[in-house]
Amino acid sequence: HGSSMCVILMGVLCCSGCEEQAGFLGFLLQARRVSDHQIVGTFVFTPPHSKLMTCSEEADTVTHSDKSRKRNLWFEWRAPAQPAGDIRFL
C-alpha cells in the first residue's frame, strides 16, 4: 500500500493521498485536538469529488462524494478562533 502525507501551508491543507498510480477511492478527514481527540476547526474549500459533512459542527469533516479514483487532494481548513493546542489530521 502507498502512504499519505499532509502539510499545512498558510491555512491550506495539502494532502498527497497515495504513492501508487491507482490512487484511492474514499476518504474521511477531520482535524482533532491531540489532548482530547475533539474535532476542531472547519473546512472552507474542498476539491472536486468531495463534500463537507457535519459531525460536531458544520463543515468540520470532509469525505469523498463518489467512487472516482483520487490521488492528490488540497483542502482549505480554518483553525478555531481560540488556540486548540496540537492538532492531528485523521
(Q) Taking the six-membered ring for Trp, are F75 and F89 closer than 6.0 Å centroid to centroid? (A) no

Q. Applying the 4.5 Å side-chain criterion to the ILVMFWY set and letting contacts propagate, would M53 and W77 be lumped into a single cluster?
A. no

(Q) How long is the straight-line distance from OG1 of T61 back to CZ of R32, given to the nearest 0.5 Å? (A) 7.5 Å

Q) Out of curiosity, H64 NE2 to R69 CZ, how far, rounded to the nearest 0.5 Å? A) 12.5 Å

Q) Given the rule that I, L, V, M, F, W and Y join up when any side-chain heavy atoms are under 4.5 Å apart, are V40 and F45 in one cluster? A) no

Q.
Looking at D86, I want to see if its CG is surrounded by more than 12 non-hydrogen atoms of other residues, nucleotides or ligands under 6.0 Å.
A. no

**Q.** Cluster overlap F27 with I87, hydrophobic side-chain contacts below 4.5 Å
**A.** yes

Q. How many angstroms lie between CG in L29 and CZ in F43, if you round to the nearest 0.5 Å?
A. 4.0 Å

Q.
I need the T54 OG1 to D60 CG distance, nearest 0.5 Å.
A. 6.0 Å

Q | Atom CD of E58 with >12 non-hydrogen neighbours under 6.0 angstrom | A | no

Q | Nearest heavy atoms of L73 and K70, plus distance in Å | A | CD2-CB, 4.3 Å

Q. Quick one: CG on L25 to NZ on K67, what's the gap to the nearest 0.5 Å?
A. 8.0 Å

Q: Could you grab the distance from atom NZ of K51 to atom OG1 of T46, nearest 0.5 Å is fine?
A: 11.0 Å

Q) Any sub-3.5 Å donor-acceptor pair from S50's side-chain atoms to T63's backbone N or O? A) no

